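Just below is one structure, and these are the notes that go with it.
Bear in mind the structure is a predicted one, so any value in this text is a computation, not a measurement.
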Amino acid sequence: MLLTIAERYAEGRVRELLDEDQLENAEPAVYRERFRLVGVGTTAVLIMVGASLAGLPEAALTALLPVSVVVLILLFYREKGPTPSQLTDLIIPR
């Protein structure tokens, strides 16, 4: 099946990568993007509320937000994270 897709893609037949009978056996794609975004947002809010209730100073809360969001995105999306210089730019804007 992958060979058929690769050959047809190389030929430029993007709309016909698979035949209809091959598509009948395929499972539908499940999009979880919405759940990931809600999970990241909800968890970030919970972290910030918890840190605020713990009595952290406002400067620490300002630095905690971007760090926690980046870590949560790495956990939820499991993709390559930002470089150390990009993390520094998030925490200490130039």
Practice item. Could you grab the distance from atom CD of Glu16 to atom CD1 of Ile5, nearest 0.5 Å is fine? Key: 13.5 Å

Review point. What distance do Thr42 atom OG1 and Ile47 atom CD1 have between them, rounded to the nearest 0.5 Å?
Key: 11.0 Å

Exercise for review: Output the rest of the hydrophobic cluster of Val38: all Ile, Leu, Val, Met, Phe, Trp and Tyr residues reachable through side-chain heavy-atom contacts under 4.5 Å, sorted by chain and number.
Suggested key: none

Exercise for review: Considering only Ile, Leu, Val, Met, Phe, Trp and Tyr, and joining two whenever side-chain heavy atoms are under 4.5 Å apart, list the other residues clustered with Val49.
Suggested key: Val45, Leu53

Practice item. Sequence neighbours left out, what pairs pass side chain to side chain donor-acceptor pair (under 3.5 Å) with at least one residue falling in residues 1-12? Key: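 Sorted result for residues 1-12: Arg8-Asp19, Glu11-Arg13.
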
Point to revise | Non-neighbouring partners of Leu37 that pass side chain to side chain contact (heavy atoms under 4.5 Å, CB included), sequence neighbours left out | key: Glu33, Tyr77

Study note, to complete from the structure: Applying side chain to side chain contact (heavy atoms under 4.5 Å, CB included) to Ala60 and not counting sequence neighbours gives Leu56, Pro57

Donor-acceptor pairs under 3.5 angstrom involving side-chain atoms of residues 68-76: please list them, not counting sequence neighbours.
| from | atom 1 | to | atom 2 | distance (Å) |
| --- | --- | --- | --- | --- |
| Ser68 | OG | Leu64 | O | 3.0 |
| Ser68 | OG | Leu65 | O | 2.9 |

